[in-house]
Amino acid sequence: MENELAISVRGLRKAYGDNVAVASVDLDVHRGEVFALLGPNGAGKTTTVEILEGYRQRDAGEVRVLGADPAHPDAGWRSRVGIVLQGTGEFDELTVSEVVRHFSGFYPEADDPDKVVERVGLGAKAKARTHTLSGGQKRRLDVALGIIGRPELLFLDEPTTGFDPEARREFWELIRDLSAAGTTIVLTTHYLDEAEALADRVGVIAAGRVIEVAPPNALGNRQESLATVSWRTPDGTLASAETATPTALVYDLAARFGGEVPGLTVTRPTLEDVYLRMIGHS
Amino acid sequence: MTTTTKPAAPVTAATAARRPGSGALALRQGRLEITQFLRSRESVVFTMGFPIIMILIFAAIFSDEIAPGVSYTQYFITGMIATGLMTVSFQNLGIWIPIERDRGVLKRYRGTPMPKWVWFAGKVIMVVVIGIAETVLLLAVSVAMFDLDLPQTTAKWLTFAWVSVLGVTACTLCGIAISSLARTARSGSAVVTPVALVLQFISGVFFVFTSLPTWMQQVAAIFPLKWMCQGLRSVFLPDSFGAREPGGSFELGTVALVLSAWCVIGLVLCLTTFRWTTKRDG
């Protein structure tokens with residue numbers, strides 16, 4: 001075992017001409033963790049991930065992925081890293097099973113192709129030409145190709161874009177399975193509920209910098225934020241108050257109403273509220 | 001949840017079969033390319049059918065003899081074989097590689113442990129197999145319908161073989177090289193088709209070469225197609241026809257030299273300019 005870090009990044013920088021895509025990124029991803037990279041379009045998510053995947057060269061910074069520098073990927077390193085890219089590379093003339101079987105040949109520790117096709121939910125489509133698949137099904141094929149080599153580290157770039165809610169839930173189960181088996185997972189996503197459902201930790205990236213890394217429920221001091229208590233007054237209007245001690249307030253209200261408080265809700269900022277505030281500030 | 005309590009990725013030795021050796025990987029890649037080619041109806045019809053359609057038209061137009069006992073078909077078959085070999089290598093690759101690059105197929109291969117050369121080997125195997133099949137088909141049609149005389153001596157068959165191999169190699173490398181000129185999937189055929197068409201006109205595919213203007217013959221002599229045609233004429237025409245060539249003989253030494261030179265030029269261009277991703281992909 002090399003160390004506890006699957007990924008370690010210090011001072012990563014990448015510019016395209018005058019356009020600085022990644023200004024300075026520091027990042028640690030632990031082995032076995034599910035790490036989500038959140039950020040608006042153009043924040044530098046994909047550039048960062050593609051440098052970690054060995055697709056792009058960086059301008060500056062220290063990067064270690066599974067103990068090696070991804071700027072010089074060798075076959076051994078490639079066989080330990082699974083990649084699900086944002087754009088799909090299609091093999092129109094081939095069937096699902098043919099493509100997965102072919103890619104299994106590239107990996108020394110490849111999984112059984114039929115099992116993987118089944119696992120991503122394409123069992124019924126195994127003999128179908130890939131051009132007949134729906135968008136969501138093509139994405140599952142991408143995932144199948146990403147995990148066929150039984151990677152230690154799996155990158156997923158916006159994996160569920162275009163999925164219907166049911167397909168997303170199934171996909172989340174698959175990610176949890178992989179994680180439970182010990183795979184380290186790095187995913188980028190636009191969906192806050194996805195990050196919240198899957199990630200052990202979330203990194204928020206904006207304007208080419210990581211502005212915070214925390215577990216989803218602690219992001220932006222979410223746990224310590226003021227809670228909003230709202231209720232309906234006897235004349236029927238809505239009242240609300242922000243408080244650091246919501247329990248005390250609810251107790252007061254219960255006493256005042258002599259029992260049930262009409263229309264009572266207690267909320268804290270959602271991940272989305274926190275996230276929007278964070279990227280708005282940057 | 002803490003991030004370090006999950007089990008490490010299982011390292012089990014008794015997994016699926018070991019990865020095939022590099023040679024076997026190349027053969028698998030070749031088989032995959034051939035399957036994709038044969039399932040694409042346009043490729044089969046236009047690449048394999050084109051020379052046969054052309055020889056049918058030419059035989060119908062020029063049904064008489066170019067010299068006593070030597071039909072025009074005997075002359076034009078050389079141009080059709082050369083054109084067919086160029087179509088399956090230069091045009092086929094120059095058109096398809098930009099499409100695969102644009103779709104992200106090449107990027108996906110780069111993300112696997114597959115050695116880079118295996119991908120190129122797959123293309124070469126596909127070109128060679130399809131090239132042989134198409135040439136055999138063309139010869140069979142010509143023998144059956146137009147009484148084509150096949151080469152009678154081992155020496156001529158050997159010449160046929162080395163001219164074809166050198167020619168296909170040069171055209172394959174140039175096709176891979178020119179594929180990097182196309183910026184999008186669609187522009188591949190716009191780049192390649194005019195080049196191929198002009199070469200066919202000036203290299204003596206559609207006309208008796210020596211009937212072309214001298215300057216045109218000199219321009220054609222820079223490129224491989226003219227030399228492929230000339231080498232094949234030495235195989236399919238009586239030895240006395242050597243005197244009718246611009247150089248007063250079939251100049252097989254020069255044929256070998258020019259085609260080899262184009263192999264070197266093509267290889268250098270491939271190694272220096274080949275792109276696995278599109279420009280916008282960085």
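In what follows, chains are A, B, ... by sequence order, proteins preceding strands, each numbered from 1. As the structure is a prediction and not an experimental result, all values here were calculated from the model.
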Quick one: CD on A:Q57 to CD1 on A:I51, what's the gap to the nearest 0.5 Å? 8.5 Å
Approximate separation, where rounding is to 0.5 Å, of A:D193 CG and A:T160 OG1: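 One gets 8.0 Å once the value is rounded to the nearest 0.5 Å.
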At a 4.5 Å cut-off on heavy atoms, which part of A:D74 comes close to chain B: side chain, backbone, both, or neither? neither
List in chain and number order the residues that pass salt bridge (Lys or Arg N to Asp or Glu O under 4.0 Å) with B:K116, two or more places apart in sequence or in another chain; answer none if no residue qualifies.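 For B:K116, no residue satisfies salt bridge (Lys or Arg N to Asp or Glu O under 4.0 Å) once neighbours in sequence are set aside.
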State whether the side chain of A:T47 and the backbone N or O of A:A21 hold a donor-acceptor pair below 3.5 Å, judged by distance alone. no
Given heavy-atom pairs under 4.5 angstrom as the criterion, report whether the side chain, backbone, both or neither of B:Q29 touches chain A.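 Both parts, backbone and side chain.
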Most heavy-atom pairs under 4.5 Å with chain B, out of A:L145, A:I83, A:V81, belong to A:L145
